[in-house]
Amino acid sequence: MRLSQILIQTLREDPADAEIPSHRLLARAGFIVKTAAGVYTYSPLMWRVIKKFAQIVREELDREGANEVMLPIIQPKELWQASGRWDRYVADGIMFTLKDRKGSEMCLGPTHEEVMTDFVSSQVNSYKQLPVNCYQIQDKFRDEIRPRFGLMRGREFIMMDAYSFDADQAGLDEAYQKMRNAYCRIFDRCGVDYTVVQADSGAIGGAGSEEFMVIADAGEDAILFCRESGYAANVEKATSRLPDAPPGGEPKPMEKLATPDVKTVAQLEAFFPDWPAGRMAKTVLYKATWADEEKLVAVMQRGDLEINEVKLVNALDALAVDLASDEDIVKATGAEVGFAGPVDLPDDVVLLADESLRDRTNLLCGCNETGYHCLNVNLGRDARMPEFRDLRLAKAGEGCPISGKPLEEARGIEVGHIFKLGTKYSAAMGATFMAQNGKPTPFAMGCYGIGVSRTPASAVEQHHDDKGIVWPVPIAPFECVVAFLDKKRGEQIELAEKIYAQLGEAGVEVCLDDRAMSPGAKFKDHELIGLPVQVFVGRKASEGRVELLVRKGLAKVECGVDEVVGKVLAALGR
RNA sequence: CGGGCCGUAGCGCAGCUUGGUAGCGCGACUGGUUUGGGACCAGUAGGUCGGAGGUUCGAAUCCUCUCGGCCCGACCA
């Protein structure tokens with residue numbers, strides 16, 4: 001391929017709207033061009049990258065017996081109503097909805113559980129046809145509340161989504177493990193540094209899930225991990241050993257004391273020097289939303305710990321929780337913000353508490369009276385006994401739940417997510433097969449996603465320097481470029497053409513930079529574009545000598561024409 | 001959806017406070033000279049200043065509304 005024939009337009013300056021390295025470099029090197037907020041055009045070079053990554057995905061999934069299909073982008077409302085997700089996705093605002101000529105409501109697919117379940121259900125009647133695993137690589141549409149970071153969080157993006165269908169849980173477990181293995185091979189092959197972490201299932205639902213995280217500062221997720229035990233989890237899901245707190249001792253009589261303007265744990269610690277935060281219980285009011293109602297929920301947490309809202313949503317089986325407004329708090333508790341507590345809490349407010357408060361005695365809490373707190377509160381005696389759940393936000397430095405060693409924290413970009421859905425969708429949609437026992441049985445499903453446009457962006461996030469992109473070989477748009485430097489020197493052009501042909505014959509994915517640019521411009525361009533190996537044919541062409549540059553590290557060596565092919569292959573690790 | 005900010009040539013920006021002929025750099029095009037780190041010289045093209053309304057003799061500039069975009073937060077496969 002000749003670069004003179006490929007549409008390439010690099011920019012001299014950084015685009016104004018790019019913040020993180022991958023967005024900045026992909027835009028500046030001309031790989032992506034913004035069409036609208038969160039909507040990008042992939043230029044020829046980017047499309048080569050996407051296709052190469054997608055090919056790796058295909059090979060590894062096919063090896064596990066998955067079938068590639070293509071599902072429709074436009075989906076009818078009815079399917080989403082059948083699974084019960086239409087209202088939630090519309091309410092969350094991420095669904096692109098539209099109406100056809102007749103007024104029927106449709107949506108642009110944000111994900112394809114419904115369509116795939118419907119499809120497989122229509123094709124599979126008997127357990128004898130199971131297991132089945134189908135996937136597609138296709139655009140997804142989500143009207144993100146805040147698209148950002150280029151390809152990292154777009155509104156239209158490319159995703160591989162696979163769905164497994166099994167007769168029972170054992171089959172699902174096996175399908176899940178096969179996909180997990182395939183995912184590891186995929187991310188190993190494409191040269192990114194990743195970690196598999198335990199994850200919350202979120203809007204997709206289901207019993208268990210794991211995320212594949214590319215470690216990078218720009219990551220939108222925080223993960224906690226332990227080198228000792230291998231434990232790793234998204235902070236939304238993570239647990240840790242409960243940090244110690246001073247014991248409360250034998251129950252004492254409750255006292256109510258005036259605490260004017262003392263509203264936060266920090267202020268309470270200052271006001272009561274003898275009471276560490278670990279002996280306090282804070283009470284936070286949330287507005288929880290379900291499909292058919294909203295309620296105020298009081299959540300108690302030990303004073304030195306924080307509440308994990310994802311765990312709270314799960315504990316309540318709610319769609320969402322938001323901190324209650326000041327007005328709602330006053331209305332519900334009768335006290336100003338900062339004085340809520342379990343003591344004299346109105347009965348209509350649900351009361352939950354974190355496990356860290358179980359069996360704790362003589363707590364310091366609010367009592368729903370402005371300007372007062374209570375000392376020596378004992379739950380069940382001085383206040384309702386709350387329902388105890390794990391609602392604690394785990395933090396770096398706390399003990400690993402397995403090894404007890406301090407957890408470390410890192411940022412991660414979610415490039416893959418695998419779920420055991422179980423029968424959530426199949427049961428809701430009546431997707432059944434005839435089981436061996438002669439009874440209609442819902443499929444045990446798994447679903448598996450890979451961000452096909454996001455993964456290359458995350459690779460750039462990990463592999464770049466101050467000059468530009470440093471593509472990992474397996475997903476680079478080309479493995480090697482051969483460039484002559486002076487278009488007026490026939491011997492340079494001739495030699496470049498010869499080397500280009502030889503590399504092609506040697507199986508190297510090579511391009512020829514035959515553009516009429518000055519040498520400096522070519523050097524800069526290739527540093528920016530980031531092809532792994534670069535061969536420059538310059539002023540020593542007449543002596544049969546050229547320069548070979550390895551983009552990673554920018555090491556440049558001179559060599560003779562006869563050695564070039566061998567050296568390029570070696571640089572590519574072959 | 002809250003808070004902050006920005007829309008002026010393909011890209012990056014100045015001009016706006018204090019209203020008076022729309023500018024700079026890069027890029028593009030033409031010609032010439034160049035050819036090892038985004039070359040140089042000369043010339044050319046390209047903007048209803050996001051849109052609508054208003055104030056004014058006169059609006060990129062002031063006012064109102066609106067659309068689009070960016071950042072922080074909330075939220076999110």
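Every chain is numbered from 1 and lettered A, B, ... according to where its sequence line falls, protein lines coming before strand lines.
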Tell me whether A/K420 is salt-bridged to A/D173, with the criterion being a basic N under 4.0 Å from an acidic carboxylate O.
yes

From the options B/G38, B/A74, B/G69, select the nucleotide whose nearest atom is closest to the side chain of A/R146.
B/A74

Quick one: look up who B/U17 pairs with, Watson-Crick or G-U, both distances under 3.5 Å, and put none if it's unpaired.
none

Of all the nucleotides listed (B/G25, B/G37, B/A77), which has the minimum atom distance to the side chain of A/E13?
B/G25

Taking the side chain of A/F523 as its heavy atoms from C-beta onward, which of B/A74, B/G36, B/A77 lies nearest to it?
B/G36

Is the Lys NZ or Arg CZ of A/K556 less than 6.0 Å from the centre of A/F523's six-membered ring, within 45° of the axis?
yes

Residue-phosphate contact under 4.0 Å: A/R148 side-chain N/O, B/C72 OP1/OP2
yes

Watson-Crick or G-U counterpart of B/A59, or none if no pair lies under 3.5 Å:
none

Between B/A22 and B/C26, how far apart are the two P atoms, rounded to whole Å?
23 Å

Contact class for A/S209 vs. all strands (heavy atom < 4.0 Å): base, sugar-phosphate, or nothing?
nothing

Regarding A/K487, tell me which of base, sugar-phosphate or nothing describes its non-hydrogen contacts under 4.0 Å with the strands shown.
base

Distance, rounded to the nearest Å, where A/L485 contributes CG and B/U35 contributes P:
13 Å

Has A/R12 got a side-chain N or O lying under 4.0 Å from the OP1 or OP2 atom of B/G38?
no

For A/E211 and for A/H23, locate the closest nucleotide of RNA chain B by heavy-atom distance; then report the residue assigned to the nucleotide nearer the 5' terminus.
A/H23

Touch class at under 4.0 angstrom, heavy-atom based, for A/F157 against every strand present
base

For atom CZ of A/R489, is the number of surrounding heavy atoms from other residues, nucleotides or ligands below 6.0 Å larger than 12?
no

Complementary nucleotide for B/C75 - Watson-Crick or wobble, under 3.5 Å
none

Answer with base, sugar-phosphate or nothing: what part of the nucleic acid does A/G449 contact at a heavy-atom distance below 4.0 Å?
nothing

Name the nucleic acid region contacted by A/D525, choosing base, sugar-phosphate or nothing; use a 4.0 angstrom heavy-atom cut-off, strictly under.
base

Let me know the distance between CG of A/D17 and P of B/G7, rounded to the nearest Å.
14 Å

Using a 4.0 Å heavy-atom cut-off across all strands, classify A/K467 as base, sugar-phosphate, or nothing.
nothing

Looking at A/Y40, I'd like to know if the NZ or CZ of A/K34 sits under 6.0 Å from its six-membered ring centre while staying within 45 degrees of the ring's axis.
no

Of the listed B/C13, B/C71, B/U35, the closest approach to the A/A16 side chain comes from B/C13

Ring stacking, A/F419 with base of B/A77, under 5.5 Å and under 30°?
no

Taking the minimum atom-to-atom distance to the side chain of A/A37, which one of B/G38, B/C71, B/C70 wins?
B/C70

Assess whether one donor atom and one acceptor atom, taken from the side chain of A/R515 and the base of B/G38, lie less than 3.5 Å apart.
no

Less than 3.5 Å between a donor and an acceptor, one on the side chain of A/E547 and one on the base of B/G36, is that the case here?
yes

Of the listed nucleotides (B/G36, B/U35, B/C75), which one gets closest to any side-chain atom of A/K556?
B/G36

Out of B/C75, B/G12, B/G36, minimum distance to the side chain of A/E309 belongs to B/C75

Measure from the ring center of A/F536 to the ring center of A/F484 and say whether it is less than 6.0 Å.
no

Identified pairing partner of B/U44, criterion: Watson-Crick or G-U wobble below 3.5 Å
B/A28

Reckon A/E414 touches a base, only the sugar-phosphate, or nothing at all at heavy-atom distances under 4.0 Å?
sugar-phosphate

Residues A/H417 and A/E210: side-chain donor-acceptor under 3.5 angstrom
no

In Watson-Crick or G-U wobble terms, both distances under 3.5 Å, what is the partner of B/C65?
B/G51

Using whole Å, what does the distance between atom C1' of nucleotide B/G37 and atom CG of A/L528 come to?
14 Å

Please say whether more than 12 non-hydrogen atoms of neighbouring residues, nucleotides or ligands are located less than 6.0 Å from CG in A/D217.
no

Considering every strand shown, what is the Watson-Crick or G-U wobble mate of B/A39 when both distances are under 3.5 Å?
B/U33

